[in-house]
Amino acid sequence: MPHAELPLRRHTLVTLTAAGWGAAFARDPALASDPLVRAWAEHGRQLIVRRASPDEADAGRVPLGLPLPPSAGKRRIALNVTADALATVGPLPTLTDVLAAAPAAWHAPLRELDALGTRCGVQGRVFGSLAWQALTGDSYLSASSDLDIVFPLPDAASLAPLLDGLAAIDARAPMRIDGELLRADGAGVNWRELHARMPDVAVKTAIAVELMRADAFTGGTR
């Protein structure tokens with residue numbers, strides 16, 4: 001069992017032990033009767049830590065999401081488990097990790113984003129359809145898919161260059177680039193809100209979405 005401090009940050013990837021899956025199926029008969037979810041468990045595929053819903057008040061449980069591909073109805077399965085159900089805990093794939101699964105037209109923007117992160121001292125990672133396509137080998141992307149990314153919130157000197165660089169790459173990319181900048185505690189804000197210099201921004205935490213002064217989120221930098 002991995003050492004995991006709760007609550008785990010949103011966007012963390014986990015796998016479950018066999019006993020963990022067994023407990024999840026025992027707790028939720030709908031999961032147990034779903035052949036697609038059972039196949040996911042049998043293949044030992046990853047799940048992603050999501051924001052807890054209002055009725056998931058138990059801080060000792062980990063809220064998880066399982067996104068089925070479009071061919072399986074593009075359903076989003078929600079479950080939660082105890083910490084001892086976790087077999088592995090790890091980060092999202094990097095921008096270079098997903099290159100092989102990405103459309104050819106996306107390769108240049110992905111490399112540009114990776115280089116931008118290097119210049120700003122932060123490593124970009126990928127979630128959403130491209131991440132799941134890379135992680136599972138199944139087809140998740142469509143012609144209208146966005147690229148979903150996260151960057152750690154950089155230091156004060158690198159924040160404006162990162163935001164301006166994201167906007168420049170997004171303006172010429174063949175797909176929309178969406179995503180968040182994440183604070184060390186896992187709270188995140190959409191990069192577009194920060195780039196627009198909005199005074200107040202929507203901050204996604206482990207349990208809620210809160211309106212906050214932008215300078216409070218960034219530590220006083222704009």
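Just so it is clear, the model here is predicted, and its values are computed rather than measured.
- The number of heavy atoms from other shown groups lying within 6.0 Å of CG (Leu99) is above 12.
- Residues Arg27 and Asn80 have side chains in contact (heavy-atom distance under 4.5 Å, counting atoms from C-beta outward).
- Shortest non-hydrogen contact noted between Ala105 and Pro109 is O-CD, 3.5 Å.
- Taken together through direct or relayed side-chain contacts under 4.5 Å among Ile, Leu, Val, Met, Phe, Trp and Tyr, Leu130 and Ile169 form part of one hydrophobic cluster.
- Contact record, Ala41 with Phe25: CB-CZ, 4.1 Å, taken as the closest heavy-atom pair.
- Closest non-hydrogen pair, Pro152 versus Val122, comes out as O-CG1, 3.5 Å.
- Residues Leu181 and Leu163 form a side-chain contact, since some pair of their non-hydrogen atoms from C-beta on lies under 4.5 Å apart.
- Contact of the Leu141 side chain with the Pro103 side chain is registered, since non-hydrogen atoms from C-beta on lie closer than 4.5 Å.
- The two residues Asp170 and Arg192 have their closest heavy-atom pair at OD1-NH2, 3.1 Å.
- Leu153 has its side chain out of reach of Val189: every pair of non-hydrogen atoms, C-beta onward, lies at least 4.5 Å apart.
- Neither Ile207 nor Met212 shares a network with the other; the hydrophobic side chains, linked directly or stepwise wherever heavy atoms of I, L, V, M, F, W or Y lie under 4.5 Å apart, form separate groups for each.
- Annotation for Tyr140 and Pro67: closest pair OH-O, 2.7 Å, computed over non-hydrogen atoms.
- When every heavy atom of Leu31 is checked against every heavy atom of Arg38, the shortest pair comes out as O-CG, 4.4 Å.
- Atom CG of Leu79 is separated from atom CH2 of Trp21 by 6.0 Å, given to the nearest 0.5 angstrom.
- A chain of hydrophobic side-chain contacts below 4.5 Å, direct or via other Ile, Leu, Val, Met, Phe, Trp or Tyr residues, connects Ile77 to Leu86.
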